[in-house]
Participant: 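Quick one: this structure, given as structure tokens, is what I'll be asking you about.
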There are 2 protein chains.
Amino acid sequence: MEVSKIKETGDFSDVYLSKLALFELTSLNDAMKDTFDIHFARHGLSEPKFKVLINLYMAGDRGLIQSDLSTKINVSRANITGLVERLEKEGLVVRNDDPSDKRVFRVCLTSRAFALMHAFIPIHNEFMHRIMMPLDKNEKELFISLLKKLNKGLELI
Amino acid sequence: MEVSKIKETGDFSDVYLSKLALFELTSLNDAMKDTFDIHFARHGLSEPKFKVLINLYMAGDRGLIQSDLSTKINVSRANITGLVERLEKEGLVVRNDDPSDKRVFRVCLTSRAFALMHAFIPIHNEFMHRIMMPLDKNEKELFISLLKKLNKGLELI
DNA sequence: CTTAATCTGTTAATATGTTTACAATAATTT
DNA sequence: AAATTATTGTAAACATATTAACAGATTAAG
């Protein structure tokens with residue numbers, strides 16, 4: 001395609017569009033990370049800590065063992081050790097011995113953490129919705145389908 | 001809207017779509033990160049190291065001072081100290097004194113790093129293009145416009 | 001020209017993440 | 001039942017990131 005034609009039609013090469021899309025995606029990730037970090041920090045949390053707490057919140061009274069947390073959050077077991085350690089220091093979780101398996105702890109929310117999450121979750125849901133407000137329903141559906149396509153593509157790489 | 005109506009039309013609440021979009025976006029980020037990590041590792045690099053090297057590559061012979069790198073890569077000056085230190089140990093960058101400003105170093109690529117980047121950049125470009133292959137040109141343009149909308153929205157939060 | 005403000009890189013403390021190796025315990029095989 | 005294999009949590013070593021505090025150098029204000 002000639003340059004003049006490109007200028008007329010506003011068309012660009014596919015390679016250029018790929019780079020631009022990745023640039024915008026990266027920018028969005030960075031901005032998103034910053035925004036969520038501030039959001040979590042306002043409530044004394046961080047993204048990794050929230051992930052641990054929300055999983056324990058959903059797990060109920062029996063809690064979860066660290067290995068399950070590792071799988072659900074998709075981080076290494078070694079990292080979970082540190083995260084749970086820090087949450088324990090803050091008084092947000094406790095580690096109870098499991099009588100049926102001496103290798104593991106059952107990690108559970110404290111009542112304080114339960115109350116914190118109970119209050120935070122609706123705020124968090126509203127926050128997520130606010131972040132997506134720039135898109136209307138049709139655009140969101142479109143966005144989701146494009147993301148799914150890219151996700152499927154990555155499985156094959 | 002009634003549940004039956006939702007089932008008929010395949011329509012969903014706006015809140016649900018927001019959550020789903022964020023879920024898919026997060027999934028894509030995670031998968032993207034893993035994919036790029038492997039890609040960089042195949043060439044003895046990491047994403048942060050690549051960002052430093054590509055900026056120095058584009059900067060030319062005079063290189064950049066650490067403070068500029070910090071601004072361009074959007075990480076703290078303290079972090080740049082560590083990154084440059086490790087790259088120096090690997091023999092990929094050198095820190096030259098700047099006679100006109102005794103506070104700073106001019107960080108420059110070694111010839112080995114220059115050769116590495118010269119070989120890697122086309123591979124990297126192809127890789128980026130391959131990752132975006134699941135979308136055709138129209139979809140990419142659409143994707144870019146949606147990302148830009150979300151990015152602009154985040155500026156106001 | 002001196003004083004004050006700013007900029008630069010480093011250090012220390014901390015958070016989050018990885019891989020590797022290991023001991024203790026559980027589960028499976030033979 | 002005994003031997004092998006697998007799972008679990010931790011520790012060590014490292015990479016990447018932050019903030020806060022600092023010394024030294026430069027710039028701006030007066």
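Just so we're on the same page: letters track the sequence lines, and every chain starts at 1.
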Participant: State whether the number of non-hydrogen atoms from other residues, nucleotides or ligands found under 6.0 Å of A:Arg112 atom CZ is greater than 12.
Facilitator: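 Yes - once you tally the heavy atoms of other residues, nucleotides and ligands closer than 6.0 Å, there are more than 12.
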Participant: Counting only heavy atoms not in A:Met32 (residues, nucleotides, ligands), do more than 12 fall under 6.0 Å from its CE?
Facilitator: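 For A:Met32, atom CE is crowded (more than 12 foreign heavy atoms under 6.0 Å).
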Participant: Is A:Glu47 salt-bridged to A:Lys51, cutoff N-O under 4.0 Å?
Facilitator: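 Result for this pair is yes, salt bridge flagged.
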Participant: So which pairs with a foot in residues 50-102 of chain B pass ring pair (Phe, Tyr, Trp, His ring centres under 6.0 Å), sequence neighbours left out?
Facilitator: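 As it turns out, the ring pair (Phe, Tyr, Trp, His ring centres under 6.0 Å) pairs with a partner in residues 50-102 of chain B, which skip direct neighbours, are B:Phe40-B:Phe50, B:Phe50-B:Phe120, B:Phe50-B:His124, B:Tyr57-B:Phe114.
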Participant: Quick check on C:dT18: is either OP1 or OP2 less than 4.0 Å from any side-chain nitrogen or oxygen of A:Ser76?
Facilitator: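 So the side chain of A:Ser76 is within the cut-off, an N or O lying under 4.0 Å from OP1 or OP2 of C:dT18.
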Participant: Whole-Å distance between C:dG17 P and A:Arg77 CZ?
Facilitator: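 That distance rounds to 16 Å.
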Participant: Going by heavy atoms closer than 4.0 Å, what residues in residues 22-41 of chain A are next to DNA chain C?
Facilitator: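 Within this stretch, nothing sits under 4.0 Å of the strand.
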Participant: Step by step, work out the side chain to side chain contact (heavy atoms under 4.5 Å, CB included) result for A:Leu25 and B:Ile144.
Facilitator: CA-CA 8 Å; A:Leu25 183 56; B:Ile144 289 164; over 6 Å; no
Participant: Does a side-chain N-to-carboxylate-O contact under 4.0 Å join B:Lys33 and B:Asp37?
Facilitator: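 Here B:Lys33 pairs with B:Asp37 in a salt bridge, since their nearest N and O are under 4.0 Å apart.
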Participant: Listed by chain and number, what are the side chain to side chain contact (heavy atoms under 4.5 Å, CB included) partners of A:Glu126, not counting sequence neighbours?
Facilitator: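 A:Glu126: no side chain to side chain contact (heavy atoms under 4.5 Å, CB included) contacts found.
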Participant: What are the two closest heavy atoms between B:Thr35 and B:Ala31, and how far apart are they?
Facilitator: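 Minimum heavy-atom contact is OG1-O, 2.7 Å.
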Participant: Please identify the 5'-most and 3'-most nucleotides of DNA chain D with any atom under 4.0 angstrom from a heavy atom of chain B.
Facilitator: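 The contacted stretch runs from D:dA15 to D:dT26.
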Participant: So B:Leu83, base contact, sugar-phosphate only, or nothing? Heavy-atom distance under 4.0 Å.
Facilitator: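 Counting heavy atoms under 4.0 Å across all strands, the contact made by B:Leu83 is with sugar-phosphate only.
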Participant: Please report, rounded to the nearest Å, how far the C1' atom of C:dG17 is from the CD atom of A:Glu85.
Facilitator: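 A:Glu85 atom CD is separated from C:dG17 atom C1' by 15 Å.
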Participant: Residues two or more places apart in sequence or in another chain: which of them pass salt bridge (charged side-chain N to carboxylate O under 4.0 Å, His left out) with B:Asp68?
Facilitator: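 Scan of B:Asp68 (salt bridge (charged side-chain N to carboxylate O under 4.0 Å, His left out), adjacent residues dropped) gives none.
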Participant: For B:Lys51, which contact category applies under a 4.0 Å heavy-atom criterion: base, sugar-phosphate, or nothing?
Facilitator: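 If one applies the 4.0 Å heavy-atom cut-off, B:Lys51 turns out to touch nothing in the nucleic acid.
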Participant: Could you tell me, to 10°, how much the axis swings from one end of the helix from C:dC1-D:dG30 to C:dT30-D:dA1 to the other, five pairs per end?
Facilitator: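 Roughly 20° between the end axes, to the nearest 10°.
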Participant: Side-chain N or O of A:Arg86 less than 4.0 angstrom from OP1 or OP2 on C:dT16?
Facilitator: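 Result: yes.
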Participant: Without decimals, in angstroms, what is the distance between A:Ile80 CD1 and C:dG17 P?
Facilitator: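 Taking atom P of C:dG17 as the reference, CD1 of A:Ile80 is at 8 Å.
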Participant: May I ask you to test the B:Leu142-A:Phe143 pair for a side-chain heavy-atom distance under 4.5 Å?
Facilitator: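 In short, these two side chains do not touch, never coming nearer than 4.5 Å.
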Participant: Using modelled atom types and a 3.5 Å cut-off, is there a donor and acceptor pairing between side-chain atoms of B:Ser18 and backbone atoms of A:Met132?
Facilitator: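 Checking the backbone N and O of A:Met132 against the side chain of B:Ser18, no donor-acceptor pair under 3.5 Å is found.
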Participant: Return the set of residues passing side chain to side chain donor-acceptor pair (under 3.5 Å) with B:Asn151 (not counting sequence neighbours), or none when no residue passes.
Facilitator: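 Testing B:Asn151 for side chain to side chain donor-acceptor pair (under 3.5 Å), a comparison that skips the adjacent residues, returns A:Glu24.
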Participant: For DNA chain D, which residues in residues 91-102 of chain A have a heavy atom at a distance below 4.0 Å?
Facilitator: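 Within residues 91-102 of chain A, the residues near DNA chain D are A:Arg95.
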Participant: Please go through A:Ile65's hydrophobic cluster and name the other residues, only I, L, V, M, F, W, Y counting, with side-chain heavy atoms under 4.5 Å joining them.
Facilitator: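 Result for A:Ile65 is A:Val104.
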Participant: Could you tell me whether B:Ser46 contacts a base, only the sugar-phosphate backbone, or nothing, with contacts defined as non-hydrogen atoms closer than 4.0 Å?
Facilitator: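 Sugar-phosphate contact only - B:Ser46 comes under 4.0 Å of backbone atoms but never of a base.
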Participant: In a table with atom names and distances, give each donor-acceptor pair under 3.5 Å that connects a side chain of residues 90-98 of chain A to protein atoms at least two apart or in another chain.
Facilitator:
residue, atom, partner, partner atom, Å
A:Glu90, OE2, A:Lys49, NZ, 2.5
A:Arg95, NE, A:Glu88, OE1, 3.4
A:Arg95, NH1, A:Gln66, OE1, 3.0
A:Arg95, NH2, A:Glu88, OE1, 3.2
A:Asp98, OD1, A:Ser100, N, 2.8
A:Asp98, OD1, A:Ser100, OG, 2.8
A:Asp98, OD2, A:Arg106, NH1, 3.4

Participant: Of the listed nucleotides (C:dA26, C:dT8, C:dT11), which one gets closest to any side-chain atom of A:Arg103?
Facilitator: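 My answer, after comparing the listed nucleotides, is C:dA26.
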Participant: Under a 4.0 Å heavy-atom cut-off, which of residues 60-69 of chain B touch DNA chain C?
Facilitator: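 Residues of residues 60-69 of chain B under 4.0 Å from DNA chain C: B:Ile65, B:Gln66, B:Ser67.
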Participant: List, by chain and number, the other hydrophobic cluster members for B:Phe105, where Ile, Leu, Val, Met, Phe, Trp and Tyr join if side-chain heavy atoms come within less than 4.5 Å, directly or indirectly.
Facilitator: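 Cluster partners of B:Phe105: none, it stands alone.
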Participant: Determine whether A:Val107 and A:Leu64 make a side-chain contact, defined as any pair of heavy atoms from C-beta on separated by less than 4.5 Å.
Facilitator: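 SC-SC contact between A:Val107 and A:Leu64 ruled out.
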